[in-house]
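The structure under discussion appears below in the form of structure tokens.
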Amino acid sequence: MKNREISLIFEHIAQCLEFRGESTFRQNAYRRAARALTDLAEDVEEVYARGDLENVAGIGAGMASKIAEYLETGKIQRYEEARKGIPDTLIELMKIPGLGPKTLRIIHDRLGIENIDQLEAAAREGRLDDLPRLGGKSIENILRGIQLVRAGSGRILLGNVLPVVESIISALREKTTLGDCLPAGSVRRMRESVGDIDILATAPDGRSVIEAFTSLPHVHSVLAKGDTKGSIITGEGLQVDLRVVAAESYGAALQYFTGSKDHNVHLREIARKHGLKINEYGVFRGDKRIAGATEEEVYATLDLPWIPPVLRENRGEIEAAARNRLPRLVRQQEIRGDLHVHSDWSDGHASMEEMIRAAKNMGYQYVAISDHSSAATIAKGLDVTRLHRQAAEIEKLRSRISGIEILHATEMDIRPDATCDFPDDIMAGLDLVIASVHSAMKQDEATMTRRVLAAMENPNVHVIGHPTGRLVGGRGALRLNMEAVIHKAAETGTALEINSQPARLDLDDVNARRALDLGAMLIIDTDSHHPNQLQNMRFGIAVAQRAWVGPENVLNTRDIRSFRQWLANKQKKAAPRKRRRKAAAASV
DNA sequence: GCCGTTTTCGGCCCGACTGTTTTCAGTCG
């Protein structure tokens, strides 16, 4: 799967063009193509083989021929030209906030600066002072930007951000008179990680709200404080901006600040064709405002229904809305059970009973206790003997806890040699088997793919847990042919997990969308190790929604009877020949 | 470099803020 590789090259070309000051439209074309490739769940090589590259929005003849060139030769001539004389370390400097391509180019051309250390030294030694348009404040800004870049990528897990945002909004509601108030930006779109946070509000008295905001206990430092906008850094190091807007502009502002940028650009192009102009204050025909108080009326001016924020990534949602074909998205209240829950029998931090009661409090009909198998030694994985003892313990809990069905499950290792960590008869005795890769994670693609496919072919394996093994902003995905995995999942009736842990979110939205397209079933669960973590379900739900997934594709929206039916069917579907042979043998 | 309700050429989203300037370039979201 070379989608990511080529996408990075296109992005790099765009950066080089930007540095050289070439046409912004051409830069944007490369960026759009880069984006199209990361959003393309299908393997670009297959699209190429079919001759369909130019049917992908954002990819025209030029991009298609460059992709073809890369797939055939491993190189792109245009890329080599674009980056000539521009070291990668120089491109890295474009990440410094406040330092754009124009200024960077002057700094590079006049002083020969090529990396962050040289830049910092030059700024401190006053060598930037004589350059045009660079005064004391600009240089101060650059130095601050350098610190920010050094401090890290700046994107934080949604799971860490959302609780802070919610706590800020509820504190504001307590202390001031607020009308509407919502987080905008990538928080509202529920992206897996977030840069900074925008909150929008209406209020009778903006100044007092900003005043209250900048004196919240969350505040570490105040960056700006005016009548309508305040900006703070929290103790967690998050930048939070609060804007108070007029009620008549609230919808337009919310739409505008929610983004995504690509979604908004597309929307404004359509507006222009309708003779309208959209900005953060409203929708205008000439000077006349025709909408703006609610998002619904903003979309309505373009003859579109309201589009859920989770879909606003310019991945076809605007076209779907225009045809009135927006998907019906799965909702958290439709989830009937959590199927991936650990207890202190392995590496969980609470007893089975605590976890089960917490699941019952979530309103679930069923819960699966799925502790690790013995190969996961660090996680105190269970061997067969302990598994049997656990089964007996669960039987007791079933009689003690009413109102929730308890499934005895396992999160079983798929061993490096592609065998399962439990024998077939042991798996067959469990209610549910989730098979996951936890070891030998650096295997090559062919080996790793064979390993996961083999697990799916086992009729006793129901689910593949955190299929790609990636960690958000951290460890990359396993080298795995996901296209083959998803096809096999559909073929064998094996479900793929959307793991709701904020650091995993695995499958991600792109893979989950592909699973939907290819007819593979999904399970959304939390992989909880503590009762509190059952609340993470909403992050998995968000991934599914971002992937356009509806309830019919999520197995744990089914009631327990229908879910058990699926469990039984999986065993028939996965290996019909083997089972027939077995049945024949038995009848002899 | 892409693309078509301005359709094979000529457009390409929009506005605010900052800091540097005397009317605006650069950067950001």
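Chain A is the first sequence line, chain B the second, and so forth, proteins listed ahead of strands; every chain is numbered from 1. What you see is a predicted model, and the numbers here were worked out from it, not measured in a lab. When reading the values below, keep in mind they use all heavy atoms of this one structure, side chains included, and skip hydrogens, waters and symmetry mates.
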*Please report, rounded to the nearest Å, how far the P atom of B:dC17 is from the CG atom of A:N141.*
16 Å
*Interatomic distance at P, B:dG11 relative to B:dA16, whole Å*: 25 Å
*What nucleotide among B:dG1, B:dA16, B:dC24 has an atom nearest to a side-chain atom of A:R133?*
B:dC24
*Rounded distance (Å) that lies between atom P of B:dA16 and atom OH of A:Y256*: 9 Å
*Given atom CZ of A:F25 and atom P of B:dC14, what is their separation to the nearest angstrom?*
11 Å
*Is A:S138 near enough to B:dT18 that one of its side-chain N or O atoms lies under 4.0 angstrom from OP1 or OP2?*
no
*Scan A:D43, A:V510, A:T38 and name whichever one has a side-chain contact (heavy atoms from CB on, under 4.5 Å) with A:N3.*
A:D43
*For B:dC12, take OP1 and OP2 only and decide whether either is under 4.0 Å from a side-chain N or O of A:T24.*
no
*Remember a base hit wins even if backbone is also touched, and classify A:I270 as base, sugar-phosphate or nothing at under 4.0 Å, heavy atoms.*
nothing
_Whole-Å C1' distance, B:dC12 and B:dT18_ = 27 Å
_By nearest atom, which of the nucleotides B:dC12, B:dG29, B:dG1 is closest to the A:D196 side chain?_
B:dG29
*Just how far, in rounded Å, is C1' of B:dC3 from NZ of A:K273?*
9 Å
*Looking across every strand, which nucleic acid part, if any, lies under 4.0 Å from A:A57 by heavy atom: base, sugar-phosphate, or nothing?*
sugar-phosphate
*Relative to the 5' end of DNA chain B, which residue comes earlier, A:L276 or A:A29, by the nucleotide with the nearest heavy atom?*
A:A29
*asked:* Under 4.0 Å, counting only non-hydrogen atoms across every strand here, what does A:G185 touch: a base, just sugar-phosphate, or nothing?
replied: nothing
*CG of A:L99 versus P of B:dG26: gap in Å, rounded?*
13 Å
*Name the pairing partner of B:dT8, where a pair is Watson-Crick or G-U wobble with both distances under 3.5 Å, or state none.*
none
*What nucleic acid atoms does A:G259 come within less than 4.0 Å of, heavy atoms only: base, sugar-phosphate, or nothing?*
nothing
*For A:H266 and A:N314, test the side chains for any donor-to-acceptor distance below 3.5 angstrom and give the result as yes or no.*
yes
*Could you check how far CD of A:Q27 sits from P of B:dT27, rounded to whole Å?*
12 Å
*Supply the atom-to-atom distance A:N511 CG to A:I498 CD1, rounded to the nearest 0.5 angstrom.*
10.0 Å
*Could you check which of B:dG29, B:dG19, B:dC2 has an atom nearest any side-chain atom of A:K137?*
B:dG19
_A:L104 CG to B:dA25 P, straight-line distance once rounded to whole Å_ = 20 Å
*Please say which of A:R35, A:R32, A:R189 ends up in a salt bridge (Lys or Arg N to Asp or Glu O under 4.0 Å) with A:D262.*
A:R35
*asked:* What contact category does A:P101 fall into here, base, sugar-phosphate, or nothing, at under 4.0 angstrom with non-hydrogen atoms?
replied: sugar-phosphate
_Using a 6.0 Å cut-off, check whether atom CZ of A:R20 has over 12 heavy atoms from anything other than its own residue._
yes
_Gap between atom CD1 of A:I318 and atom CZ of A:R312 - 0.5 Å precision_ = 9.5 Å
*Of all the choices, B:dG15, B:dT6, B:dC2, which nucleotide is nearest to the side chain of A:R272 once you look at every atom?*
B:dT6
*Residue whose closest nucleotide on DNA chain B lies nearer the 5' end, A:G135 versus A:R243*: A:G135
*Find the distance A:K261:NZ to B:dT27:P and express it as a whole number of Å.*
14 Å
*Which is true for A:K66 with a 4.0 Å heavy-atom rule: it touches a base, it touches only sugar-phosphate, or it touches nothing?*
sugar-phosphate
*Using atom P of each nucleotide, how far apart are B:dT8 and B:dG15 to the nearest Å?*
29 Å
*Give one of base, sugar-phosphate or nothing for A:L267, where a contact means two heavy atoms less than 4.0 Å apart.*
nothing
*P-based separation of B:dT20 from B:dC14 [nearest Å]*: 30 Å
*Distance between the P atoms of B:dC28 and B:dT23, in whole angstroms?*
25 Å
_Distance alone, cut at 3.5 Å: any donor-acceptor contact between the side chains of A:D241 and A:Q239?_
yes
*asked:* Is there, by distance only and without an angle test, a donor paired with an acceptor across the side chain of A:Y281 and the base of B:dG15 below 3.5 Å?
replied: no
*What is the nucleic acid contact for A:F257, judged by heavy atoms within less than 4.0 Å: base, sugar-phosphate only, or nothing?*
nothing
